[in-house]
Structure formats: structure tokens, C-alpha cells
Amino acid sequence: MHALDKKLLRDFRRLWGQSLAIALVLACGVMILLTAFGMYRALDDTLAAFYERNEFADVWAMTEKAPRPLLTEISALPGVQTAEARVQEYLMLDLPGRVKSATGLALSLPDTGALPTLNVPLLRAGRLPDPQATDEVMVNEPFAEANGFEIGDTFEALLSGQKRRLTITGTALSPEFVYAIGPGTLMPDDESFGILWVPQAMLASAFDMSGAFNSLTLSLSRDAQEDQVIEALDTLLEPNGGTGAHGRDEQASNAFVTTEIKQLKNMATILPPVFFGISAFLVNMVIGRIIALERGEIGLLKALGYTDVHIAAHYVLLAGLTAVLGVIIGWITGGLSARWMAGEYAQYFKFPYLIFNVSYDAYAISGFLALLTAAVGALRSAMGAARLPPAVAMSPPAPPRFKRSLFDRALAALRLSQPSMMIWRSLFRWPLRAAFSAIGLSLAVAIMISVGFFSYSINSVADIAFNQSNREDIVLLFTKERSLSALEDVRNLPGVMEVEGELFTPVTLRNGHLEKQLSITTRGAGASLARSIDEAGRVVEVEGPGLLITTRVAEVLRLAPGDPVEVEFLSGRRETFTLTVAGVTEQFFGLGAFMTREAMSRLTRSVPQISVANVTLDPRQDNAFNRAIKDTPLISGAVRVTDMKASFDATVEENISIMNGLFSVVAILITVGLTYNSARIQLSERARELASLRILGFSNWEVSYILIGEIMLIAALAQPLGWLIGYGLGHLMAASFTSDLYTIPMVLPPAAYATASVVVLGTALASVLLVRQRIDRLDLVSVMKTRE
Amino acid sequence: MPETVFHTEKLVKTYRTGGAEVHALSGVNLDLFASELTVLLGPSGSGKSTLLNILGGLDHATSGKVMFRDLDLTVQSDRALTRFRRDHVGFVFQFYNLVPSLTARENVQMVTDIAPNPMKAEEALERVGMSDRIDHFPAELSGGQQQRVAIARAIAKRPEVLLCDEPTGALDSSTGVQVLEAIREVNEDLGTTAIVITHNAAIQAMAHRVVRFQDGNIASVSTNETRVAPSEIVW
């Protein structure tokens with residue numbers, strides 16, 4: 001090994017603390033890139049494989065009731081590869097040992113006894129039900145697991161008012177229900193919502209659907225134009241009560257999974273550059289200082305005949321070793337965390353398997369980027385070192401030039417102590433360095449704020465959604481639309497205190513070329529359980545014939561109060577009207593629009609109807625109520641708002657605390673990397689100065705004040721910038737998370753800023769105190785003797 | 001007539017500090033001969049270190065001419081000067097300039113790694129009497145020992161010229177004598193041209209020739225008829 005290489009290794013060992021601090025920041029970038037990229041690839045590959053192997057459909061459509069022969073016509077539409085018709089109904093379930101009701105989505109299986117051609121359920125255990133059987137059913141595996149069902153177990157279901165005991169013959173997973181979300185709920189609850197695959201004959205006879213279908217799935221040929229197929233399909237289904245076909249983008253499960261995948265991809269591309277940028281700065285700062293301290297050695301190397309390339313390479317390699325350390329740490333932690341997180345996701349989304357291909361390209365890219373970062377960071381300093389004329393390098397550097405400026409007069413006017421003066425002077429002598437340190441620290445603050453706001457946002461979402469907008473205990477779903485008299489039936493159920501009805505009507509809203517499919521919610525005037533809330537938290541009443549829309553709809557369709565909006569009904573007489581936007585309301589889940597019952601009734605010239613009943617309950621009669629609804633034919637399901645809130649809180653809280661924890665660690669690592677290195681550099685630059693002060697009679701702590709003061713001053717100056725960047729970054733995050741599925745509002749109370757600042761300032765102080773100990777150990781005599 | 005190694009003509013070096021121009025060298029004409037041990041004597045700031053730096057290819061002259069044999073150093077590129085230093089010149093500095101993270105042997109290897117026809121690091125250290133301290137780090141050596149390692153490092157490449165800038169400047173008299181002894185041995189045994197800068201007048205007694213500097217120019221040149229061994233020099 002060459003002597004210069006030995007020097008390299010020994011220097012690296014000597015600088016291990018600083019190198020490690022940089023390596024950890026680099027490792028963070030590498031780890032996040034690997035984790036996010038690995039998870040993204042795993043989910044994307046798994047989803048793609050599951051969809052392909054199990055023939056995930058391209059288009060879905062619902063009708064009230066269409067004759068089977070229509071299927072031939074649909075199959076013949078240009079672009080359609082396969083068309084499959086089925087019967088689909090929501091059933092009220094009575095599960096053994098469970099007081100509360102559950103909801104089942106029943107899907108008919110083909111008469112032939114074979115699996116469906118599209119959205120093929122993957123059999124996990126047992127067998128398909130016998131096509132002739134009237135009491136057999138296959139259920140989705142998560143539902144069976146959540147309720148502890150084994151093959152052969154039974155439960156009761158209400159089919160068209162008739163209670164029937166069904167036997168589980170098998171369990172399956174379906175590409176259609178990777179994310180299985182029940183009607184009216186916000187997140188999956190496998191215990192109370194199940195998918196039931198039922199023989200066609202049994203379901204058709206129960207729901208008067210013999211020779212007919214109400215659900216249609218299509219696969220399209222490669223060159224098909226999806227919107228043209230959907231348009232043609234809508235025309236064909238219109239006379240049969242079609243409610244509008246849609247593609248994969250609006251299929252609930254697919255929409256949730258692909259949104260998640262998109263977010264992971266964003267994370268893999270947005271965050272790592274921040275870390276690499278900070279690392280490059282750290283490397284530049286540290287190598288720059290090492291070079292300054294090693295001026296003499298550089299001069300010597302040149303005197304001995306080492307070339308510029310040799311010398312530049314020596315210092316770039318020193319940074320390279322740090323990068324290698326960071327890459328190794330990042331690869332190990334990133335590889336493990338990617339696999340672990342992908343496993344967690346596979347649990348959360350119901351995949352039958354997980355395709356986790358180690359993406360060597362991600363390893364290669366992250367490693368390359370980390371090395372490049374270090375090289376870029378080191379190169380400028382290294383080239384500078386190489387260019388120093390040897391005679392100049394060998395002589396000690398001239399003392400830094402301090403000049404008297406306006407700023408000095410200001411400082412003098414403040415009558416600061418000499419140590420304070422030293423702090424300020426040094427800050428203004430190297431303003432660029434101070435600015436970069438401050439920017440780095442502000443990024444640490446910003447990163448914490450940018451995720452810290454989530455918990456506040458989600459609390460506000462939960463408060464508005466559950467305490468202010470939806471104040472009912474239970475939402476009862478009717479099997480089909482009912483007249484207002486159904487409310488009386490509900491009121492007669494045991495324990496019911498208040499009842500209000502709502503109707504959901506599928507429509508397409510249009511503003512020029514912009515359009516969205518959604519449901520208009522119709523409520524009685526002055527409804528007090530389910531209400532609309534505006535941005536300021538006030539209750540918004542719809543008055544007159546106008547339409548109230550949610551913020552997201554207003555944004556997407558570019559509508560404001562007073563604007564006309566075209567409303568095409570997708571059911572009933574399928575008429576199109578132009579209404580006026582009466583107001584905008586806050587709603588965080590899905591898209592929505594609201595009308596009064598009176599206005600809707602007048603508009604559609606029909607008697608008022610309802611499709612759900614919102615109920616408040618006397619808690620003492622909870623059990624009696626639950627028993628009663630299981631036997632009530634008109635109800636297909638019950639959504640418990642309190643359960644929903646609890647599961648929402650649990651899921652979201654867990655995710656948010658993991659994310660907050662992760663980003664706090666990241667912010668801490670950045671802060672340590674910056675402040676520890678700054679302090680070490682300060683100390684080595686100022687060792688003589690500080691030792692001189694000690695000799696002049698300053699105490700250890702008085703001298704430490706100079707070291708601590710400068711770094712903490714920079715850290716303090718970094719805070720406002722961090723808040724500002726954090727605010728912007730938070731907005732970006734909120735926007736990137738916002739989709740038609742949910743909206744994340746930006747809620748940033750002072751506490752969010754304070755938490756981030758406390759963590760970063762605390763970490764900075766701890767790091768600089770760690771370095772400060774070295775002041776106690778300063779050997780005054782030898783320091784004074786050492787030639788710079 | 002001995003062979004001329006270095007030849008300078010009207011050599012000028014000016015530095016700019018602040019607004020003022022400082023003439024470090026103002027028209028130096030000098031010839032230095034092969035296998036000769038020359039002492040450049042003069043007070044601080046008289047220009048002797050500047051001359052040494054230019055002779056060694058560490059610095060460029062402002063004007064005038066410097067020849068190393070047939071090579072005109074004044075017109076060489078940085079790359080060529082690096083080549084020149086690597087192949088022909090050994091340096092010894094006042095403050096030794098050893099790399100603290102390398103042992104004595106490794107400090108010498110820094111040179112043997114890149115020189116075209118070096119001696120073994122061990123041999124070089126043996127010549128300066130440092131064989132028993134070969135694996136010690138600089139911090140474990142006394143000043144005199146460090147300077148002897150520096151001399152070993154300088155001679156390991158078998159340089160034609162050995163340039164010593166105040167080699168005893170940081171040493172006490174008895175340690176300094178050991179270092180001078182090492183330089184004399186190199187000059188005599190290997191025939192290396194040695195140029196020693198000093199402001200210590202006592203050292204001139206060991207030289208073949210003495211060049212006295214004053215205010216950036218040569219004040220006088222004298223030849224020693226009888227040379228004194230370093231062991232007899234006291235200061």
C-alpha cells in the first residue's frame with residue numbers, strides 16, 4: 001500500500017466522528033430512496049401481477065336491472081374484449097357471537113360452477129360454492145380471518161327480507177378488493193364488511209334477477225379507447241337504469257392502492273435530493289476545513305513532486321470513503337426497511353403474495369448518487385488545494401481579513417462583550433458558510449414541520465368529520481330508495497332517539513369541459529345530524545334551489561358560489577339541469593354536493609325519497625337495536641360512526657406517529673451532521689485563539705461561550721427560515737396527498753413550529769456541547785507552540 | 001572547473017502586499033556547482049528562502065533567468081516543475097514537515113512511491129541513523145530525530161540537489177550538529193549538491209562556499225580553504 005493511501009486511511013480514522021455524522025445524513029438519503037423505491041416497486045409489481053394473473057377488469061358499470069341478452073350486444077361493442085354480467089347486492093349479515101351487524105357485498109358466481117372470467121377470485125382455502133346450492137358461500141379471506149371463520153362455519157344473512165344461514169365453503173382474495181372498503185365507511189374494517197361470492201341462481205332468485213344482471217365488468221382490447229367504450233356502454237345501459245360506467249381510475253380499491261403507490265414514488269424522488277444536497281454541503285465544509293488545516297502538508301506533497309491530480313484525488317477519496325460508509329449503512333438499513341415496509345403494506349392491502357424483487361438499479365442509483373454527492377462536495381476544495389502554489393501552501397495562511405464596516409459600528413454601539421463581538425465578527429467574516437449552515441438547519445426544521453402538521457390536520461379532519469358534520473351514531477343503509485315513511489319504521493326501532501333521512505343520487509357535474517361523477521346528498525331543511533361545515537367551521541345551510549359543493553369539487557371544476565353548473569342525473573329520468581352553486585363546504589373524504597329535499601323533489605318532479613337514515617341511539621338500548629336491525633328487511637347495512645372514528649384514529653395515529661418518528665430522526669441526523677461538524681471545525685480553526693483566551697484568564701465556560709454562541713446563533717437565525725420552508729413544504733405535502741379520495745387540510749398551530757424548533761435547537765446544543773468538552777482538554781502550551 | 005548545476009541571471013522576485021511592492025530578490029546572479037555544499041547566509045527577509053523556493057521549483061520568478069543544467073526553470077509549466085522536483089530535488093524544512101499520520105518509514109515511502117530510482121526507505125533512514133525508530137510516528141520523535149527523518153525522506157530519491165531551509169533552526173546545538181552531520185555525509189558519500197540556508201553564522205564553517213545575502217541580493221561570496229566538521233561547530 002502506498003504511503004499516501006495509508007495517510008488517507010489514518011486521516012479517515014482520525015476524522016471518524018465527523019465522517020460518521022456526514023455518512024449518517026447520506027445514509028438517510030440512500031435509505032429513504034431504497035425504502036420508498038423498494039416499496040413502490042414491490043407494490044407496483046405485486047399489483048400489476050395480481051391484476052394480470054387474475055384478470056382485473058378495465059370497466060365497471062351498474063344498472064338497476066338489465067336483461068342477460070344485452071350482454072351479447074355489449075360484447076360486440078368495439079374495443080370490448082370480454083364482458084361479464086353478474087348480480088351484486090349488499091346484504092345485512094348476522095355473525096355468530098357478534099352483537100353488531102355486518103355488511104356483505106354479495107357477488108354472483110357463474111352458473112357453470114367455474115370462476116368468473118374477470119376479477120377472478122384467487123381461492124385461498126376450501127372450494128367454490130356448488131352452483132345449485134342455496135346455502136353455500138365463499139368469502140374473502142380477511143373477513144374470515146377477522147371473524148375467526150373456518151371452512152364449514154356458518155353465519156346468517158338477510159336476503160330480500162329472508163334470513164338465511166350460509167355455510168362458508170372457501171376463502172379467496174380478489175384484485176377488485178385489495179382495499180376492501182364498505183359502503184359509507186372511510187377505511188377497511190374486515191370484521192364488519194365482507195365480500196361474499198354466491199351462486200348466481202341463489203342470488204338471482206332472492207333478488208328477482210333471474211335472466212338479468214345489475215353489475216357489469218369489461219376487459220378492453222389493447223387498442224381500445226376507454227372513454228368511447230364507456231360512452232357506448234352508457235347509451236346501451238341507459239334504458240335499464242344504468243348509473244354510469246367508469247374505468248379503473250374510479251374503482252375504489254384500485255384508486256386507493258394507486259394513490260398510495262404514487263405517493264411512494266413521490267417520496268422516492270422528492271426527499272433523497274434534500275439529503276444529498278445537505279451531505280454535499282457538509283462534505284464541502286469538512287473537506288474544505290481539512291484542507292485549510294493541512295495546507296502545510298499539501299505544500300509538502302507538492303514539494304515532494306506529487307501532482308495536482310494526486311493531491312485532488314487524495315481529498316476526493318477521503319470524501320469518497322465517507323460516502324462509502326454512508327452507502328453501506330444506507331444499503332443495509334434501506335434494504336431491511338424496504339422489505340419490512342413492503343411486508344406491512346402487503347398486510348394492509350390484501351395481496352395474496354408479495355413480489356419483492358431486489359431492485360439492483362435502486363441500489364446502484366442510490367450508491368452512485370451518494371458517491372457523486374461526496375465527490376461534488378469535495379471537488380471544489382480539492383481542486384483549490386491542488387492549485388495552491390507550493391510555496392504559498394507551505395507558508396502559514398495570512399490572518400483572515402476583518403474589516404471595519406457599518407455592521408461593526410452597530411456592534412460597537414451595542415457595547416457587546418469581546419467574546420460576543422468575536423461571535424458576530426466571525427459570522428460576518430464567513431457569511432456564506434454561516435448562510436449554508438443556517439439553510440441546512442432550516443431544512444431540518446422544515447422537514448419536521450412538513451410532516452408534523454399531519455397530526456394537527458388529521459385531528460381537525462376528525463373533529464369536523466365526526467363531531468361537527470356527522471353527529472349521528474349510526475347510518476342505516478336501505479336496500480333501495482324508500483319514501484319518507486321509512487323513517488317512521490326506523491324511529492320505531494328500539495333505542496332510536498333522532499332520525500333523519502338522506503338520499504344519494506349519482507350525477508355528473510359539468511362546468512364547460514370539466515366534469516366529475518359524484519353523488520348529490522339530499523337532506524331535509526334544517527337537518528341537525530349530518531350537516532355541512534364551511535372552512536371557518538360554520539354550519540352551511542342550503543337554501544332555495546341551489547347546489548352546495550365541496551371545496552375539492554369547486555377546485556376541480558373551477559366553480560365559485562353563484563356560478564351555473566350543469567347537472568346530469570345518472571338514474572331515474574336521466575335529465576340534465578343547470579343549477580347555481582349556492583356555496584362551498586369543507587369535506588375531507590371523497591367528492592360531494594348537497595341539495596335540500598324540497599329542491600330535489602321539485603327539480604325531479606318526484607316524491608321525496610331517502611336511501612339512508614342517520615340515527616342517534618340511546619346507548620342503553622344498543623343491543624336491542626343491533627338485534628332488531630339484523631331482522632329488518634329494508635336495511636342492507638349499518639355504519640357505526642363511533643367505530644369508524646375509532647378505527648380512523650387508530651390507523652391514522654399509528655401511521656402518523658411512525659412518520660413523525662422517522663422524520664424527527666432525520667431532522668436530528670441533519671442537525672447533528674451540521675452542528676457537530678461546524679463545532680469541530682470552529683474548534684480546530686480557533687484552537688489557538690481560544691487557548692490564548694484561556695491563558696489570558698478566561699474560564700473554560702467563558703471560552704466555550706464563543707464556540708457554543710456562534711453555532712447556536714446560527715441555529716436560532718435558521719428558525720424563521722425553517723418555519724417558512726416548512727410551511728411551504730407542508731403545503732406541497734398536503735397537495736400531493738390530496739386526491740378525489742381525500743383532502744388533507746393545512747393546519748399548522750404555533751405548537752407545530754415550536755416542536756420542530758425545540759428538537760433542532762436541542763439537538764444542536766447537545767452536539768456542540770459534545771465538542772465543547774474538548775475545550776476542557778485543550779493543552780494550552782502545545783496549542784500555543786503548534787505552528788498553523 | 002566543476003560542473004554548474006544552477007545558474008541564475010538578474011533574478012527578480014517581487015511580492016505585492018496591500019498596496020506596497022516588496023522586492024524579495026532584486027537581480028541575483030549566482031552559480032552553484034555539482035557536489036558542492038553551499039551555505040546561504042543572511043538575516044530574515046534577506047531573500048535566501050525565496051531564492052531556495054525558486055531554485056527548487058516551488059515558486060516562479062518575477063523576471064530574470066534560472067537554469068538547472070540545460071533546463072530553463074523560468075519558462076516551465078507547473079506540471080513540468082512538479083516533474084523537476086520529483087526527479088531532481090530533495091527538500092529539508094525548518095519545521096521538518098513530516099506527515100503526522102505516517103510513521104518514519106511511511107514518511108520516507110511518500111517519496112520512494114513516486115521517485116524514478118529511489119533507495120529503500122530503510123536504507124535512507126539508516127544513513128541518517130534512524131534505523132531504530134523506523135516505525136515511530138512523528139509525535140514519538142524528538143525534533144532532531146524528526147529532522148533526520150526529513151533528511152532521509154529528502155535523500156531517498158537520490159536527488160541531484162538537496163535544498164535545506166534552516167534545517168537546524170528549530171533545534172538546539174547538539175541536535176543541530178547531528179542533522180548537519182547527516183547533510184555532510186549525504187554530500188560527501190552520495191555526491192549530492194547541497195544548499196543550506198541559515199541565519200546562523202557558525203554553520204558557514206562546514207561549507208565549501210558561503211554566499212551572504214543582504215536586502216534581496218548577494219553581498220559577498222567566499223570559499224572556505226579549510227572546512228570544519230559539524231561536530232566541531234558550536235553555537
Side-chain angles (χ1 to χ4, degrees), chain A residues 1-16 290-291 293-315 317-318 321 383 385-399 401 403 684 779 782-783 785-788, chain B residues 13 15 17-18 24 49-50 52-60 77-116 118 121 137 139 143 150 153-154 156-157 159 163 165 170:
Chain A
M1 189 188 276
H2 287 267
L4 203 58
D5 300 331
K6 283 186 189 157
K7 168 171 156 24
L8 180 68
L9 289 179
R10 297 219 176 105
D11 285 348
F12 182 61
R13 207 165 59 195
R14 179 167 57 88
L15 298 165
W16 72 269
I290 290 172
I291 286 169
L293 293 175
E294 289 199 353
R295 255 176 95 100
E297 279 183 25
I298 292 166
L300 172 76
L301 289 175
K302 299 199 106 181
L304 294 180
Y306 280 88
T307 61
D308 293 0
V309 175
H310 261 119
I311 291 166
H314 178 70
Y315 290 100
L317 276 176
L318 186 63
L321 282 180
M383 300 279 279
R387 265 192 241 112
L388 274 180
V392 175
M394 303 268 305
S395 53
R401 251 183 232 207
K403 279 184 284 190
S684 59
D779 179 348
S782 77
V783 166
K785 270 187 181 168
T786 312
R787 202 183 66 122
E788 171 73 15
Chain B
K13 178 72 184 177
Y15 293 106
T17 46
S49 286
T50 305
L52 196 81
N53 283 345
I54 294 174
L55 293 180
L58 292 178
D59 208 350
H60 289 281
S77 66
D78 282 345
R79 186 187 293 263
L81 285 181
T82 300
R83 190 88 233 168
F84 161 68
R85 291 198 299 271
R86 178 191 290 210
D87 294 349
H88 304 291
V89 188
F91 284 101
V92 177
F93 306 99
Q94 180 178 2
F95 292 100
Y96 338 127
N97 287 30
L98 297 180
V99 176
S101 59
L102 297 179
T103 62
R105 187 207 311 263
E106 289 160 355
N107 263 289
V108 178
Q109 280 171 346
M110 295 254 293
V111 166
T112 59
D113 281 345
I114 58 166
F137 282 97
R153 185 175 63 188
K157 68 166 77 160
L163 303 179
D165 190 353

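For clarity, every value in this text was computed on a predicted model and none was experimentally measured. Chain A is the first sequence line, chain B the second, and so forth, proteins listed ahead of strands; every chain is numbered from 1.
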Original post:
Who are the ring-ring contact (aromatic ring centres under 6.0 Å, His included) partners of B:Phe93, not counting sequence neighbours?
Top reply: B:Phe91
Subject >> Any residue meeting ring-ring contact (aromatic ring centres under 6.0 Å, His included) with A:Tyr306, in chain and number order, not counting sequence neighbours >> reply: A:His310
Original post:
Looking at OG1 of A:Thr307 and CD1 of B:Ile114, how far apart are the two atoms once the value is rounded to the nearest 0.5 Å?
Top reply: 8.0 Å
Original post:
Which bit of B:Arg79 is near chain A, if near means a heavy-atom gap under 4.5 Å: side chain, backbone, both or neither?
Top reply: neither
Subject >> Exam field: side chain B:Asp113 to backbone A:Ala3, donor-acceptor pair closer than 3.5 Å >> reply: yes
**OP:** Quick one: pull up OG1 in B:Thr82 and NZ in A:Lys302 and give me the separation to the nearest 0.5 Å.
**Re:** 6.5 Å
Subject >> Per-residue contact mode, B:Tyr96 against chain A (heavy atom under 4.5 angstrom) >> reply: neither
Original post:
Going from CD on B:Glu106 to CG on A:Leu4, what distance comes out if it is rounded to the nearest 0.5 angstrom?
Top reply: 11.5 Å
Original post:
So, for B:Lys157 and A:Leu304, which heavy atoms are closest and what is the spacing to 0.1 Å?
Top reply: NZ-O, 3.7 Å
Subject >> Separation of A:Leu300 CG from B:Met110 CE (nearest 0.5 Å) >> reply: 5.5 Å
**OP:** Answer with side chain, backbone, both or neither: which region of B:Pro159 has an atom nearer than 4.5 Å to a non-hydrogen atom of chain A?
**Re:** neither
**OP:** Kindly check if the number of other-residue, nucleotide or ligand heavy atoms within 6.0 Å of CZ (A:Arg14) is above 12?
**Re:** yes
Subject >> Interatomic spacing from CZ in A:Arg10 to CG in B:Leu102 - rounded to 0.5 Å >> reply: 6.0 Å
**OP:** Check whether A:Leu9 gets within reach of chain B through its side chain, its backbone, both or neither, counting any heavy atom under 4.5 Å.
**Re:** neither
